[in-house]
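Order of the sequence lines fixes the chain letters, A, B, ..., with proteins taken first and strands second; residue numbering starts at 1 for each chain.
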Amino acid sequence: MKPNAFPKSKRVVSGRSFTLALRKGGCAADGCLVVFAFPRDPGGDRSCQPRRLGVTIPKKTGSAVVRNRWKRWIRESFRTQQAAFPVGFDFVVRPKKDARASWQSIQRSLPKLAHKAVRRLNGQSVQTRTR
RNA sequence: UCAGAGGGCGGGGCGAUCGCUCGUCGGUAUUGCACCGGCGGGAGGAAAGUCCGGGCUCCGCAGGACAGGAUGGUCGAUAACGUCGACCGGCCGCGAGGCUAGGGAAAGUGCAACAGAGAGUAGACCGCCGAACGGUCCGCGCGGGAUUCGUCCCUGGCGGAUGCGUGGUGAGGGUGAAACGGUGCGGUAAGAGCGCACCAGCGAUCGGGGUGACUCGAUCGGCUCGGUAAACCCCAUCCGGAGCUAGACCAAACAGGGUGCAGAAGCGGUCCGCUUCGCGAUCGACACCCGGGUAGGUCGCAAUGGAGGCGACGAGCAAUCGUCGUGCACAGAUAAAUGGUCGCCACCAUCGACGUCGCCGGGCUCUGGUCCGGUGAAGCGUUCGAUCGGUACAGAACCCGGCUUACAAGCCCUCUGGUCGU
RNA sequence: GGGCGAUUAGCUCAGUUGGUUAGAGCGCUACGUUGACAUCGUAGAGGUCACAGAUUCGAAUUCUGUAUCGCCCA
């Protein structure tokens, strides 16, 4: 497989995965994006499962054209920098409320937020285990 | 050249690279999913709003009526429409043209604030009038009575004055969005369609034109009979309901039901048996089947298809229709494809050159020009260059016909009015 | 995709057979009361009735279109 390809296996497809990530996943945000991370299969070997991306854009963001632009920019920046993301996680990305889309800011903050979300998820799970 | 009216086109292009989606062919793999490569297709004029009308699908349905909703000049077009075309009437504009829910108010009910005298078979505030009735005053004369013979009183009559009361009036003033036709003459106490003439409007009849809305003309009539139906309402016409998440099919897992004959082997639970072994019964596990149908999937869903486009011919004023031709185009996602980056070009804007043009000044020439300088926001350009400049509105989700709304820059056609020149 | 509803002062709401100058409460401003504040009293400001067009003599109200917001079904 080509390194920069983005087929369906790298996308979050089912509604259940979305709700899982949004409910139980680790969350990180900055001025323009919110990223949720959730491990794909906690029991299995993580390193051989690809990272997956899901984008959710609420209708309040704007017209269909604006929403399409958000989604395409997010997808594109994931596709071009996917090596920089942690392996074996689902990432669900959502635009921050009232944020204005911009190609540069998305590209900059997406991998950073992904790492941050994973870190928070790990800390959270450690806490629940000790409890 | 300025101002304007109507209509149409158009919706940036090419390339590189990294990606997405569908189809197809080949390969890896092969139960399948998947991956790789080649080729081909991949947003719009509004895809939008969901305001109408259809197709299609399911449900309901003997027929009709009521309720409710929609439409509303006429004729036509159409699968249908609240759409389109032509025409008629009304209003606006000098005009080209524009707007028009434009049936019925002499079926019925209702409404009209404030102002005003009065708001619907209305009404007398100011004003005008003094005809009629009453009152008061004056004059005249008749009759009766009294008498001091001067005259006085009473009764009713005639004439005049007054405008006090009862009244007449709808012409004038004033109010209002709206006040029951207009002008003139007659008429009258003053006036008034009270009468007459003409005009406006309404109705009826007759005649001409038109399929029709309607229109033109003549005669007669009552004399005027208002506005609002996007107030209730009446009339005519139309409408069964829901919608592709319609609907059809396949179908894990879990639970349920059924079958597993005879013999043999054999796992677990329970029962028979005092216990063990053994034997037997039964349930489960197991295998197969059944209906319902969840997760999920397939079809619906895309060209032997569509009320498609284009061209020719024909019919029609036109909307549109008919015939023939035409590989001319047509995407199909489903957490939802059509994108990111870069380069070149195009167009626009701004700025600067250059050219041209106008104006001013000067020189030469000697009246035709030419040269130099200055000047120009709101002059021009088949010129050149620059800019981290700008290039709209907007994204298919079953499909069509319309309507409405949004829209950068650019382009084209026809027509009207004015100004200037010839 | 389909079906409903709303928009009036800074905020929450009234406002019906269409009628003069659109109201109420809270808030705001000023003055008074107090040594000062709260409370209280008096006065005042603040409105393109979401926008545009139409009907009407007259529209917040009726009709049509547009915009924004909200709800329901799945």
Between A:Asn68 (side chain only) and A:Lys71 (backbone N and O only), is there a donor and an acceptor less than 3.5 Å apart?
no
Taken to the nearest whole Å, CD/A:Gln104 to C1'/B:rU341 is 11 Å
To the nearest angstrom, the CZ-C1' distance between A:Phe36 and B:rA335 comes to 15 Å
Per atom distances to the A:Arg79 side chain, the nearest of B:rC35, B:rU341, B:rG19 is B:rG19
Rounded to whole Å, the CZ-P distance (A:Arg72 to B:rA335) equals 17 Å
ask   = If you measure from the C1' atom in B:rG280 to the same atom in B:rC272, how many Å do you get, rounded?
value = 8 Å
Could you work out the separation of B:rG339 and B:rC321 based on their C1' atoms and round it to a whole Å? 46 Å
Quick note, A:Trp103 side chain, CB onward, closest among B:rA43, B:rA337, B:rU341 is B:rU341
* Ignoring hydrogens and angles, tell me if any N or O in the side chain of A:Gln81 forms a donor-acceptor pair with the backbone of A:Gln107 under 3.5 Å. => yes
With syn meaning chi within 90° of zero and anything else anti, the base of B:rA252 is anti
Note to self: Base, sugar-phosphate or nothing for A:Arg69? Non-hydrogen atoms, less than 4.0 Å.
What the structure shows: nothing
message: Does the structure show A:Phe18 stacking with B:rA335, if we require the centres to be closer than 5.5 Å and the planes to be within less than 30 degrees of parallel?
response: yes
Of A:Phe6 and A:Leu53, the one whose closest nucleotide on RNA chain B sits nearer the 5' end is A:Phe6
Discussion item. Taking the P atom in each of B:rG53 and B:rA80, what is the distance between them to the nearest angstrom?
Written reply: 14 Å
Which of B:rA396, B:rA43, B:rG340 is nearest the side chain of A:Glu76? It is B:rG340
_With a 4.0 Å cutoff (strictly under), does any side-chain N or O of A:Arg11 reach OP1 or OP2 of B:rU21?_
yes
Which is true for A:Val12 with a 4.0 Å heavy-atom rule: it touches a base, it touches only sugar-phosphate, or it touches nothing?
sugar-phosphate
Say we look at C:rC63 and C:rU21: how far apart would their C1' atoms be, to the nearest angstrom?
28 Å
- Query: When the C1' atoms of B:rC126 and B:rG118 are considered, how many whole Å apart are they?
  - Reply: 14 Å
B:rU57 and B:rC399, which share atom name C1', separated by this distance in whole Å
13 Å
What one should report as the nearest heavy-atom pair of A:Asp90 and A:Arg52 is OD1-NE, 2.8 Å
Rounded to the nearest 0.5 angstrom, the CZ-NZ distance for A:Arg79 and A:Lys10 is 9.5 Å
- Query: Can a side chain N or O of A:Lys71 be found less than 4.0 Å away from OP1 or OP2 on B:rG339?
  - Reply: no
5'-most contact on RNA chain B (nearest-nucleotide basis), A:Trp73 vs A:Thr80, goes to A:Thr80
B:rG292 glycosidic conformation (syn if within 90° of 0, otherwise anti) is anti
It should be established whether A:Arg52 places a side-chain nitrogen or oxygen under 4.0 Å from OP1 or OP2 of nucleotide B:rA335. no
Its glycosidic angle compared against 90° from 0, C:rG10 adopts the form anti
Scanning all shown strands, the Watson-Crick or wobble mate of C:rG41 with both distances under 3.5 Å is C:rC31
In whole angstroms, the gap separating C1' of B:rA335 from CG of A:Leu22 amounts to 11 Å
| message | Give me the distance, rounded to whole Å, that separates B:rA295 from B:rG268 when you measure between the P atoms they each carry. | response | 41 Å
With syn defined as a glycosidic angle within 90 degrees of 0 and anti as anything else, the base of B:rG401 is anti
| task | Could you work out the separation of B:rA112 and B:rA77 based on their P atoms and round it to a whole Å? | result | 49 Å
Q) Do the side chain of A:Arg51 and the main chain of A:Gln82 share a donor and acceptor less than 3.5 angstrom apart? A) yes
Distance col, row A:Cys32:SG vs A:Gln104:CD, nearest 0.5 angstrom, shows 11.5 Å
A:Phe91 vs A:Phe78 aromatic rings, parallel, tilted or perpendicular, using cut-offs 30° and 60°? tilted
Atom CG of A:Asn68 and atom C1' of B:rG340 are separated, to the nearest Å, by 14 Å
